[in-house]
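Notes follow the structure.
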Amino acid sequence: MNIAIIGLGLIGGSLGRVLCKKTDHTVFANDIDAKAMSLGRLLSAYHQPLTNDNIGQMDLVIVSLYPEALKQSLEEICPLLKKGALVMDCCGNKRQVVRQMKALSQKYPHLEFISSHPMAGREFSGVSHSTASLFDKASMILVPVSASLKTTQRIKELSLSIGFNSVVITTAKEHDRIIAYTSQLAHIVSSSYMKSPTATSVMGFSAGSFRDMTRVARLSPEMWSELTIENADFLVQEIDNIINNLTDYKKALKNADKEQMKKLLADGNEKKLLSEKMRRSKINEE
C-alpha cells in the first residue's frame, strides 16, 4: 500500500517512522518546511517525497496538520486522488473536520474518509522529537465518515500493527465532548498553574507531583489556541466544573473545615480509583 503523510510534525513524523519500521508499506511525505523533510529523511520517517505527480498513486493519505492548515490541505488534495483512496486526518477535534469531510465525500464520492485521533503525544513538537515508539500501548480513536466497514477494519488492523493497543470507534460530538476533559482541560489547567508567582521559586521544593502537573504547560501555543477555540463550547463546560470544584475546596479551607476537606479529598480519591477500575475492566474485555 502507498501511504502519504502530509505534515511531518511530532505525530506525522512518528507515524512515518513506525510505518517505515514495522510495515512493508511505501511511505511518502510532504512538509512545507524543507528542514523537516531533510530531518525526516535522516530519521527514516518516509521513503519518498510526496508530490503532485505521485499523489494520485496513494491508497491512504494521512493529513497531520493544525486545524486551519488541515482544512486547506483537504480541499487541495481531494481532486488529485485516485478512486478508492482513503483520506484520514489526525486532528485533536472532530466536529469541524468531519463536517468538511462529509461535504467532500459528496463532492468526491469515489473517495473514502475517516477522521482519526492518535491518543499520544509529548510536550515537545516537531519531527526532531518524533519516535517510532510514540504510539506503543496508546489508543487510536476513529470517526468513520464515508468509509466502508472493510476499510474501517483495515485501518483498525493497521493501527494495532504499529503499536496501538486499542481502537475506539465513536462520533465526532462524543469525541470532542470527552477530549475537552481528558486533554484540553489538562493543558489549560497546567498552563494556569504555572502562572503562580511561586513557580519561579520551586528549585529544591518540587518532586513528581509538580512535574506531572506542569508537564503539558509546555505546548505549542499556535496549535492549542486553535484546538481550544474550536472546541470552546465543551471546554468551557469543563472549566466551569473545575472552577466550581475548586470553590468547594477554597470554602473548606477558609472555614478551617477539616471534615469537609477530608470529605472532598476522599471523594476525589474514590473517583480516581473508580476511573482506574473501569479502565482496567475495559482493557480486560478487549
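Values below: every heavy atom of this structure, side chains too, minus hydrogens, waters and symmetry copies. A quick note: this is a predicted structure, and the numbers were derived from the prediction, not measured.
Counting only heavy atoms from C-beta outward, the side chains of L227 and C91 approach each other to under 4.5 Å. Proximity of V143 to E174: side-chain heavy atoms (C-beta onward) are nowhere separated by under 4.5 Å. Using a 4.5 Å heavy-atom cutoff, the side chains of I3 and F28 are not in contact. Contact annotation: the side chain of K102 approaches that of V98 to within less than 4.5 Å [non-hydrogen atoms, C-beta and beyond]. In this structure, L15 and I62 have side chains that are in contact, with non-hydrogen atoms separated by less than 4.5 Å. Side-chain contact between R17 and K21 is absent, with no heavy atoms from C-beta onward closer than 4.5 Å. Contact of the T51 side chain with the N54 side chain is registered, since non-hydrogen atoms from C-beta on lie closer than 4.5 Å. Side-chain contact between L86 and L111: absent, with no pair of heavy atoms (C-beta onward) separated by less than 4.5 Å.
Formation of a donor-acceptor pair under 3.5 Å by the Y46 side chain with backbone atoms of M37 is found in this model. In this structure a side-chain-to-backbone donor-acceptor pair under 3.5 Å is missing from S73 to L70. In this structure, the side chain of T23 does not engage the main chain of C20 through any donor-acceptor pair within 3.5 Å. Between the side chain of S38 and the backbone N or O of A34 there is at least one donor-acceptor pair closer than 3.5 Å. Using modelled atom types, one side-chain atom of S159 and one backbone atom of I155 make a donor-acceptor pair closer than 3.5 Å. With hydrogens and angles disregarded, a donor-acceptor distance shorter than 3.5 Å links the side chain of S225 to the backbone of P221. Within the 3.5 Å criterion, the main-chain N or O of I188 finds no donor-acceptor partner in the side chain of S191. With hydrogens and angles disregarded, no donor-acceptor distance shorter than 3.5 Å links the side chain of S146 to the backbone of S105. Under a 3.5 Å cut-off, the side chain of N255 and the backbone N or O of D257 do not form any donor-acceptor pair. A donor-acceptor contact shorter than 3.5 Å is absent between the side chain of S115 and the backbone of D89.
Looking at every heavy atom in both residues, G16 comes nearest to V27 through CA-CG1, 4.4 Å. Closest non-hydrogen pair, S139 versus V168, comes out as OG-CG2, 3.7 Å. When all heavy atoms of A36 and V127 are compared, the pair lying nearest together is O-CG1, 3.9 Å. In plain terms, the two heavy atoms of S130 and L43 that are nearest each other are OG-CD1, 4.1 Å. The two residues S64 and I11 make their nearest non-hydrogen contact at OG-CB, 3.7 Å. The heavy-atom pair separating E112 from G84 by the smallest distance is OE1-O, 4.2 Å.
Residues E75 and Q100 bring a donor and an acceptor atom of their side chains to less than 3.5 Å of each other. Under 3.5 Å, the side chains of T151 and S148 contain a donor-acceptor pair of N or O atoms. If you check the side chains of Q184 and N231, you find a donor sitting under 3.5 Å from an acceptor.
Separating the OG atom in S116 from the CE atom in M88 is a distance of 4.0 Å, to the nearest 0.5 Å. Distance check, rounded to the nearest 0.5 Å: CZ of F113 to CE of M101 gives 6.5 Å. To the nearest 0.5 Å, atoms NE2 (H25) and NE2 (H47) are separated by 11.0 Å. Remark: N93 CG to F234 CZ distance equals 10.5 Å, nearest 0.5 Å. In this structure, the separation between NZ on K263 and CG on D248 is 10.0 Å, given to the nearest 0.5 Å. A distance of 8.0 Å separates NZ of K22 from OG of S133, quoted to the nearest 0.5 Å.
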The test is side chain to side chain contact (heavy atoms under 4.5 Å, CB included); show your working for Y108 and V87 and say whether it passes.
CA-CA 11 Å; Y108 305 101; V87 180; over 6 Å; no
Show the numbers, then the answer: is there a side chain to side chain contact (heavy atoms under 4.5 Å, CB included) between D136 and V18?
CA-CA 10 Å; D136 288 355; V18 71; 5.7 Å; no
Where do S220 and Y66 land on the side chain to side chain donor-acceptor pair (under 3.5 Å) test, with the steps shown first?
CA-CA 10 Å; S220 165; Y66 293 177; 3.1 Å; yes
Could you walk me through whether L160 and N165 pass the side chain to side chain contact (heavy atoms under 4.5 Å, CB included) check?
CA-CA 6 Å; L160 296 174; N165 72 348; 5.8 Å; no
I'd like to know whether I114 forms a side chain to side chain contact (heavy atoms under 4.5 Å, CB included) with V145, so could you lay out the CA-CA distance, the side-chain angles of the two residues, the decisive distance to 0.1 Å, and finally the verdict.
CA-CA 5 Å; I114 291 180; V145 179; 6.0 Å; no
Pair E68, Q72 - check side chain to side chain donor-acceptor pair (under 3.5 Å), show working.
CA-CA 7 Å; E68 293 301 321; Q72 180 178 346; over 6 Å; no
Show your reasoning for whether salt bridge (charged side-chain N to carboxylate O under 4.0 Å, His left out) applies to R41 and D31.
CA-CA 12 Å; R41 187 63 165 219; D31 195 288; over 6 Å; no
Evaluate the criterion salt bridge (charged side-chain N to carboxylate O under 4.0 Å, His left out) for residue pair R95 and D233; output intermediate values, then yes/no.
CA-CA 12 Å; R95 284 175 293 173; D233 52 350; 2.8 Å; yes
Pair Q260-K251, side chain to side chain donor-acceptor pair (under 3.5 Å): steps then yes or no
CA-CA 9 Å; Q260 178 63 8; K251 183 178 179 181; over 6 Å; no
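Remark: K82 NZ is packed, more than 12 non-hydrogen atoms of other residues, nucleotides or ligands lying under 6.0 Å away. The local environment of NZ in K71 is crowded, with over 12 non-hydrogen atoms from other residues, nucleotides or ligands closer than 6.0 Å. Counting heavy atoms of neighbouring residues, nucleotides and ligands inside a 6.0 Å radius, atom CG of N269 exceeds 12 of them. In this structure, I32 places its CD1 atom where only 12 or fewer heavy-atom neighbours from other residues, nucleotides or ligands lie under 6.0 Å away. Around atom CG of L273, more than 12 heavy atoms belonging to other residues, nucleotides or ligands sit under 6.0 Å away.
The aromatic rings of H175 and H117 lie tilted to each other, with the angle between the two planes from 30° to 60°. A parallel orientation is assigned to the rings of F164 and F135, their planes being inclined by less than 30° (bins at 30° and 60°).
The hydrophobic clustering, which links ILVMFWY residues whose side-chain heavy atoms are closer than 4.5 Å, places Y193 and V216 apart. Cluster annotation: M213 is connected to I242 through the hydrophobic network of ILVMFWY side chains, with a link wherever side-chain heavy atoms come within less than 4.5 Å. Residue I243 is grouped with residue L185 when hydrophobic side chains (ILVMFWY) are merged at heavy-atom distances under 4.5 angstrom, including chains of intermediate members.
Looking at K94 and D176, no side-chain N of the basic residue comes within less than 4.0 Å of a carboxylate O on the acidic one, giving no salt bridge.
Considering I6, V97, L65 as possible partners of L74, the one that fulfils the side-chain contact (heavy atoms from CB on, under 4.5 Å) test is V97. Test I5, I77, L80 against V61 for side-chain contact (heavy atoms from CB on, under 4.5 Å) and you get one pass: I77.
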